Amino acid sequence: ALLDAIMLRYNLSHRKAAETISFPEALENDIPVLAFTTTRWNGLQRTASPNVTTADCITFALQHPAVEVVLHSARDEDELDDALLPIISCSDGIHWMPDSKYADLCAFYDDEMAWNNDGFDEYPDESI
C-alpha cells in the first residue's frame with residue numbers, strides 16, 4: 001500500500017469531505033483511518049441539543065467502517081472513563097451505537113445553523 005494509515009479530522013459536525021472523498025478511497029485501498037478531533041475541541045458536548053457525551057463523539061467516529069482508531073486526549077480521569085466506555089461496552093467492535101441514535105445525531109448536525117453559535121466554519125469554501 002502507498003500509505004500505512006491516514007489521519008483525518010472527523011466528527012459529527014465535520015464529516016462531508018471525509019465521508020464522500022477520503023473514506024471511500026481509504027476503504028478501496030485498504031488504508032486504515034485514524035480519526036481525531038472527534039469532540040470538535042470539546043464543543044460538541046456543549047451544544048444545546050441533543051445531549052452529546054465524549055463517548056458519543058468517539059462511537060460516532062468508530063461507527064464508520066473506514067475508521068480503525070480514534071485519537072482522544074482526555075483532560076481528566078472522568079473524561080478518560082467516558083472515552084473508554086465505548087470500548088468496554090461494545091460487544092462486537094462494529095455496532096458502536098444504535099443506528100437510530102446515529103441517524104438522529106447526523107440529522108441534527110447536518111443543520112449547522114441550529115447548533116453552531118461560535119461562527120467557526122469547518123470548511124468555508126467546501127462545495128461538497
Side-chain angles (χ1 to χ4, degrees):
L2 184 60
L3 297 172
D4 291 329
I6 186 168
M7 189 166 103
L8 298 171
R9 179 174 50 179
Y10 181 60
N11 58 57
L12 285 158
S13 66
H14 180 255
R15 59 185 200 270
K16 289 179 190 173
E19 290 176 353
T20 58
I21 299 170
S22 303
F23 288 173
E25 288 292 322
L27 287 168
E28 182 179 322
N29 292 288
D30 200 28
I31 299 170
V33 173
L34 290 77
F36 72 103
T37 66
T38 57
T39 64
R40 194 176 178 262
W41 305 283
N42 298 305
L44 294 174
Q45 300 98 309
R46 293 189 296 265
T47 58
S49 177
N51 185 20
V52 176
T53 66
T54 299
D56 290 334
C57 295
I58 292 169
T59 55
F60 173 82
L62 288 169
Q63 191 81 357
H64 197 285
V67 176
E68 298 271 340
V69 173
V70 169
L71 302 177
H72 178 73
S73 178
R75 294 172 291 179
D76 56 35
E77 189 174 340
D78 289 337
E79 190 174 297
L80 179 61
D81 288 342
D82 194 27
L84 291 173
L85 183 63
I87 297 164
I88 295 165
S89 63
C90 181
S91 62
D92 63 9
I94 298 170
H95 298 97
W96 296 96
M97 73 171 42
D99 291 341
S100 59
K101 183 169 186 172
Y102 183 86
D104 289 346
L105 290 172
C106 286
F108 180 79
Y109 285 98
D110 277 346
D111 181 9
E112 186 174 353
M113 300 313 291
W115 61 268
N116 184 3
N117 61 4
D118 64 8
F120 180 75
D121 188 353
E122 302 289 349
Y123 280 112
D125 299 323
E126 186 177 66
S127 59
I128 295 171

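Just so you know, residue 1 is the first one in the sequence shown, and it goes up from there. Note that this is a predicted model, so its numbers are computed, not measured.
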With the side chain counted from C-beta on, respond yes when [X] and [Y] share a heavy-atom pair under 4.5 Å apart, and no when they do not.
{"X": "Phe23", "Y": "Val67", "value": "yes"}
{"X": "His64", "Y": "Val33", "value": "no"}
{"X": "Asn42", "Y": "Arg75", "value": "yes"}
{"X": "Phe60", "Y": "Cys106", "value": "yes"}
{"X": "Glu25", "Y": "Ile31", "value": "no"}
{"X": "Val52", "Y": "Cys57", "value": "yes"}

What distance separates [X] [atom1] from [Y] [atom2], expressed to the nearest 0.5 Å?
{"X": "Ile21", "Y": "Lys16", "atom1": "CD1", "atom2": "NZ", "answer": "12.0 Å"}
{"X": "Asp82", "Y": "Asp56", "atom1": "CG", "atom2": "CG", "answer": "8.0 Å"}
{"X": "Tyr10", "Y": "Leu62", "atom1": "OH", "atom2": "CG", "answer": "10.0 Å"}
{"X": "Leu105", "Y": "Leu44", "atom1": "CG", "atom2": "CG", "answer": "9.5 Å"}
{"X": "Gln45", "Y": "Thr39", "atom1": "CD", "atom2": "OG1", "answer": "5.0 Å"}
{"X": "Glu19", "Y": "His14", "atom1": "CD", "atom2": "NE2", "answer": "10.5 Å"}

TODO: Treat each ILVMFWY residue as a node, draw an edge where side-chain heavy atoms are under 4.5 Å apart, and state whether Phe36 and Trp41 are in one component.
DONE: no
- [ ] For side-chain contact (heavy atoms from CB on, under 4.5 Å), just list the numbers for Asp99 and Gln63, CA-CA rounded to whole Å, side-chain angles, deciding distance to a tenth of an Å, and then say yes or no.
- [x] CA-CA 9 Å; Asp99 291 341; Gln63 191 81 357; 3.6 Å; yes
Task: Taking every non-hydrogen atom, the tightest pair across Pro24 and Ala18 - done: CD-O, 3.8 Å
- [ ] Could you tell me whether the side chain of Asp81 and the main chain of Asp78 form a donor-acceptor pair under 3.5 Å?
- [x] no
Task: Donor-acceptor under 3.5 Å (Glu79 side chain, Thr54 main chain) - done: no
